[in-house]
Amino acid sequence: MTTVPEPKTEPSLLRQAFNVPNMLSLLRLAGVPVFLWLLLGPKEDGWALAVLVFSALTDWLDGKLARWLDQMSRLGQLLDPAADRLYILATLVAFLLRGIIPWWVVVPLVLRELVLAVCVLVLRRRGFAPPEVTYIGKGATFVLMYAFPFLLLTQGGSDLAAVARPIAYAFTIWGGVLYLWSGVLYVVQVVRALRAR
């Protein structure tokens with residue numbers, strides 16, 4: 001855990017927003033309300049699935065492009081996890097409202113986000129940067145982003161739904177456990193940093 005560094009000379013936030021990786025992240029963020037509307041309004045699951053797949057692809061691509069083009073930025077470091085969290089929370093809420101997953105799956109994952117939000121606020125008040133993203137946290141997000149499209153495919157009584165069901169449940173369980181465990185690791189990081197201070 002590190003303290004917040006002194007500000008460096010960096011391009012303005014507006015200029016950072018116009019680099020290719022950050023434009024992809026902004027596009028991904030803009031897809032969140034579209035995704036929710038498709039799921040909860042007209043219930044166009046096919047189009048919602050397409051938005052979700054597009055989000056997963058751009059999530060992978062923006063990180064790769066940031067490294068390849070040497071366009072890593074502070075804005076990108078904020079936008080990327082924000083987009084991930086918004087998609088996860090939006091999907092969980094929409095799936096709960098649609099009856100795709102039960103409340104006892106949704107509640108622990110949403111509570112994890114609330115606990116981490118409080119941790120970040122406490123760290124900022126004490127002059128620390130947010131916790132470092134862990135490999136387990138990245139892996140958990142990756143697995144959940146695979147679980148969600150498969151969960152959408154389970155709707156209905158088609159052969160495709162029958163094939164998708166065990167895959168969806170396996171990814172959901174695996175991703176959910178990793179997501180909660182990564183939350184515990186973040187809290188441990190925060191407690192250690194505060195005690196060391």
Side-chain angles (χ1 to χ4, degrees), residues 25 28-60 63 79-121 130-191:
S25 293
R28 191 150 49 100
L29 277 169
V32 173
V34 176
F35 173 71
L36 279 174
W37 176 75
L38 288 167
L39 272 181
L40 300 175
K43 295 186 177 160
E44 291 284 350
D45 291 354
W47 284 109
L49 180 62
V51 172
L52 202 53
V53 169
F54 174 78
S55 165
L57 288 173
T58 55
D59 184 25
W60 171 81
L79 283 177
D80 191 51
D84 289 342
R85 286 198 167 96
L86 271 177
Y87 264 104
I88 287 171
L89 288 173
T91 305
L92 288 171
V93 170
F95 281 9
L96 178 64
L97 293 174
R98 286 275 306 272
I100 295 172
I101 52 177
W103 68 267
W104 50 266
V105 172
V106 174
V107 169
L109 299 178
V110 171
L111 281 176
R112 182 250 195 211
E113 288 304 317
L114 293 174
V115 168
L116 288 190
V118 170
C119 286
V120 168
L121 289 174
E132 293 288 324
V133 176
T134 63
Y135 180 76
I136 291 176
K138 288 180 182 177
T141 301
F142 182 78
V143 175
L144 282 177
M145 293 302 272
Y146 265 89
F148 294 153
F150 279 106
L151 283 167
L152 263 182
L153 289 173
T154 63
Q155 301 310 291
S158 67
D159 290 340
L160 179 60
V163 171
R165 201 161 282 120
I167 300 169
Y169 295 161
F171 272 114
T172 303
I173 293 166
W174 183 26
V177 169
L178 283 176
Y179 206 65
L180 292 174
W181 179 241
S182 69
V184 171
L185 294 179
Y186 287 133
V187 170
V188 169
Q189 279 187 58
V190 170
V191 170

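The figures that follow rest on heavy atoms only: side chains count, while hydrogens, waters and symmetry mates do not.
Evaluation of the salt bridge (charged side-chain N to carboxylate O under 4.0 Å, His left out) test over residues 34-43, restricted to residues two or more places apart or in two chains, returns none.
Within the 4.5 Å cutoff, the side chain of D45 has heavy atoms near those of the R98 side chain. Put simply, the side chain of Y146 does not reach to within 4.5 Å of the side chain of I167, judged on heavy atoms. Counting heavy atoms from C-beta on, the side chains of S182 and Y135 never come closer than 4.5 Å. A heavy-atom distance below 4.5 Å is found between the side chains of L152 and L39. Looking only at side-chain heavy atoms (C-beta outward), I88 and L109 stay at 4.5 Å or farther from each other. Between D84 and R28 there is a side-chain heavy-atom pair separated by less than 4.5 Å. When side chains are defined from C-beta on, L92 counts as touching F148, because their heavy atoms get closer than 4.5 Å. You'll find the side chain of V53 reaches within 4.5 Å of the side chain of L57, heavy atoms only.
Here the rule is side chain to side chain contact (heavy atoms under 4.5 Å, CB included) with L114, and of L116, V118, L111 only L111 fits it.
When all heavy atoms are compared, the tightest approach of L38 to A48 is CD1-N, 3.8 Å. Between L180 and P108, the shortest heavy-atom distance links the atoms CD2-O, 3.5 Å. Considering every non-hydrogen atom in both A168 and A147, the closest pair reads O-CB, 4.3 Å. Listed here is the closest heavy atom pair of A161 and G156: CB-O, 3.5 Å. The minimum heavy-atom distance linking S55 with M145 is given by the pair OG-CE, 3.6 Å. Nearest approach of Y186 to G137, heavy atoms of both residues: OH-CA, 4.0 Å.
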**Q.** Residues L29, Y87; criterion side chain to side chain contact (heavy atoms under 4.5 Å, CB included); working and verdict
**A.** CA-CA 8 Å; L29 277 169; Y87 264 104; over 6 Å; no

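To the nearest 0.5 Å, atom OH of residue Y179 and atom OG1 of residue T172 are 13.5 Å apart. Atoms CG and CZ, on L89 and R112 in that order, are 9.5 Å from each other to the nearest 0.5 Å. We find the CH2-CG distance between W104 and L96 to be 12.0 Å, quoted to the nearest 0.5 Å. Note that the CG atom of L52 and the CH2 atom of W47 stand 14.5 Å from one another [nearest 0.5 Å]. If you take CZ on F142 and CG on D59, they are separated by 9.5 Å, rounding to the nearest 0.5 Å. Between atom CH2 of residue W174 and atom CG of residue L144 there is a gap of 10.5 Å, rounded to the nearest 0.5 Å.
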